[in-house]
Peer 1: 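Questions regarding the structure given below will be posed in turn.
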2 protein chains.
Amino acid sequence: MEERRVGSLRFRIDFSQPIYEQIVQQFQSSVVKGEIERGTKIPSVRELAQALHVTPNTVMHAYQEMERSGLTETRRGQGTFITSSQEQIEQLRSKLAAVAVREFLQKMNDLGYSGQAIFRLIQDEERDETP
Amino acid sequence: MEERRVGSLRFRIDFSQPIYEQIVQQFQSSVVKGEIERGTKIPSVRELAQALHVTPNTVMHAYQEMERSGLTETRRGQGTFITSSQEQIEQLRSKLAAVAVREFLQKMNDLGYSGQAIFRLIQDEERDETP
DNA sequence: GGAGTGTATCACATGTTATGATACACCCAT
DNA sequence: ATGGGTGTATCATAACATGTGATACACTCC
């Protein structure tokens, strides 16, 4: 699927994963990297749905997940906003990172890698990515 | 779900993931860690199905994935065997590890972590796991 | 030939994901 | 107060993945 724009946001959606998950991840990423300021109003359910060529229900699903995780605050009748709490954002970021690390180490362990061997693989990969 | 034994193998299956995926992963892990020798015959589709309280079709699905990935060789009428090629096993192990590393780094990057920060998180996590 | 293998193909059920449509509830500016 | 823009709830429908249960076939070895 091509890249879709809505306001200053850019979305790239494909079919390898649930669409609502991708929406959540792309907001998470943008917020955590500081590309969206805290407190910002994000597109309405209907607006984003139209921009992404997707049903409002799908966007709704994503927005509900984002509120549950504390990434956004929704004000009925007004819209959905990125949380204004820097602490909330940091907390979410740390939590997501911790989960990712834990799952990764578990997987590597299952494959029989540990300690230095893991670091070496990461360094190799980073060397490939950023030569 | 409790732990199930069949021969010298131990299986722990839950419902958080597709059953056939878990079967594949547990064979991968056992082989890669050397807990199953190469060339070994693994349980028949029906036998493992009975042991895990699962349909033969589900086990079949797992076994077909394992053959596609090169982990096993199936001989019709005889059974399914762990590949006897050490090289094949090493290759699979490296490939799975590379995929895991790549996905992990991508995820961490989306969260705004890179380089040393990632190493720090891993070390923290390992410290927690093995004090 | 029979027992034990893998393989193929049904029908069926369930849960997730997504669509499409409709209606309601709330807030704010006019 | 009314209207337009919000989020929310609910329905029917569909496609797909996963798993069950059953049956039949093909192959290998004793």
Side-chain angles (χ1 to χ4, degrees), chain A residues 1-2 4 6-7 9 11-27 36 39-84, chain B residues 1-2 4 6-7 9 11-27 36 39-84:
Chain A
M1 202 181 262
E2 326 87 62
R4 299 250 149 77
V6 40
L9 276 39
F11 287 87
R12 176 159 229 93
I13 304 290
D14 58 47
F15 297 98
S16 65
Q17 255 184 82
I19 295 175
Y20 74 91
E21 284 283 1
Q22 297 181 57
I23 294 174
V24 171
Q25 282 163 16
Q26 294 190 28
F27 273 112
I36 307 181
T40 307
K41 181 177 188 302
I42 64 177
S44 78
V45 170
R46 292 171 178 78
E47 186 185 358
L48 185 54
Q50 198 165 22
L52 300 184
H53 297 179
V54 142
T55 319
N57 285 9
T58 301
V59 176
M60 192 57 215
H61 194 165
Y63 278 22
Q64 283 175 336
E65 269 212 10
M66 292 197 287
E67 178 161 40
R68 270 198 305 105
S69 74
L71 181 66
T72 58
E73 294 163 0
T74 61
R75 300 175 210 153
R76 201 187 179 97
Q78 295 184 63
T80 303
F81 302 78
I82 302 300
T83 180
S84 52
Chain B
M1 200 182 264
E2 324 88 61
R4 299 251 148 78
V6 40
L9 276 38
F11 286 87
R12 178 159 228 94
I13 304 290
D14 58 48
F15 296 97
S16 65
Q17 254 184 86
I19 296 174
Y20 74 90
E21 282 284 359
Q22 296 181 58
I23 294 174
V24 170
Q25 281 163 16
Q26 293 190 28
F27 272 112
I36 307 180
T40 307
K41 182 176 189 301
I42 64 176
S44 76
V45 169
R46 291 171 179 80
E47 187 185 355
L48 186 55
Q50 197 165 23
L52 299 184
H53 298 178
V54 144
T55 320
N57 285 9
T58 301
V59 176
M60 191 60 215
H61 194 165
Y63 279 21
Q64 284 175 337
E65 270 212 8
M66 292 198 287
E67 179 163 39
R68 270 198 305 107
S69 75
L71 180 66
T72 57
E73 295 163 359
T74 61
R75 301 176 209 152
R76 201 187 177 95
Q78 295 181 62
T80 303
F81 302 79
I82 302 300
T83 180
S84 53

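All figures in this text were calculated on a predicted structure; none of them were measured in a lab. In what follows, chains carry the letters A, B, and so on, assigned in the order in which the sequence lines appear, proteins first and then strands, with residues in each chain numbered from 1.
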Peer 1: Less than 4.5 Å apart, side chain to side chain, heavy atoms only: is that true for B/Met66 and B/Thr80?
Peer 2: no
Peer 1: Between B/Arg12 and B/Gln26, what is the shortest heavy-atom contact and its length?
Peer 2: O-NE2, 2.6 Å
Peer 1: Quick one: A/Glu67 CD to D/dT6 C1', roughly how many Å, whole number?
Peer 2: 14 Å
Peer 1: Grab the two heavy atoms, one from A/Ala62 and one from A/Val24, that are nearest each other, plus how far apart they are.
Peer 2: O-CG2, 3.6 Å
Peer 1: Residues in side-chain contact (heavy atoms from CB on, under 4.5 Å) with A/Ser44, at least two apart?
Peer 2: A/Arg46, A/Glu47
Peer 1: Take the protein atom NE2 of B/His53 and the nucleotide atom P of D/dT20, then report the distance between them rounded to whole Å.
Peer 2: 12 Å
Peer 1: With sequence neighbours left out, what residues match B/Glu67 under side-chain contact (heavy atoms from CB on, under 4.5 Å)?
Peer 2: B/Thr72, B/Thr74
Peer 1: Considering only heavy atoms, which members of residues 56-66 of chain B lie under 4.0 Å from some atom of DNA chain D?
Peer 2: B/Asn57, B/Thr58
Peer 1: Looking at residues at least two apart in the chain, or sitting in another chain, which of them share a side chain to side chain donor-acceptor pair (under 3.5 Å) with A/Glu73?
Peer 2: A/Thr83
Peer 1: Any N/O pairs under 3.5 Å between the protein and nucleotides 25-28 of chain D? List them or say none.
Peer 2:
{"from": "D/dA26", "atom 1": "O4'", "to": "B/Arg76", "atom 2": "NH2", "distance (Å)": "3.1"}
{"from": "D/dC27", "atom 1": "O4'", "to": "B/Arg76", "atom 2": "NE", "distance (Å)": "3.4"}

Peer 1: Under a 4.5 Å cut-off applied to non-hydrogen side-chain atoms, are A/Ile19 and A/Leu52 in contact?
Peer 2: no
Peer 1: For DNA chain C, note the earliest and the latest nucleotide, 5' to 3', having some atom under 4.0 Å of a heavy atom belonging to chain A.
Peer 2: C/dT17 to C/dC28
Peer 1: Over how many whole Å does the gap from B/Tyr20 atom OH to D/dA17 atom C1' extend?
Peer 2: 7 Å
Peer 1: Write down the distance between CZ (B/Phe81) and C1' (D/dC29), rounded to a whole number of angstrom.
Peer 2: 11 Å
Peer 1: Got a sec, which residues hit side chain to side chain donor-acceptor pair (under 3.5 Å) with A/Glu65, two or more places apart in sequence or on another chain?
Peer 2: none
Peer 1: Go through the structure and list residues passing ring pair (Phe, Tyr, Trp, His ring centres under 6.0 Å) with A/Phe27, not counting sequence neighbours.
Peer 2: A/Phe11
Peer 1: Taking any heavy-atom pair under 4.0 Å as a contact, classify A/Thr55: base, sugar-phosphate, or nothing.
Peer 2: base
Peer 1: With sequence neighbours left out, what residues match B/Gln50 under side chain to side chain donor-acceptor pair (under 3.5 Å)?
Peer 2: none
Peer 1: For A/Thr40, check side chain to side chain donor-acceptor pair (under 3.5 Å) against everything at least two apart and list the hits.
Peer 2: none
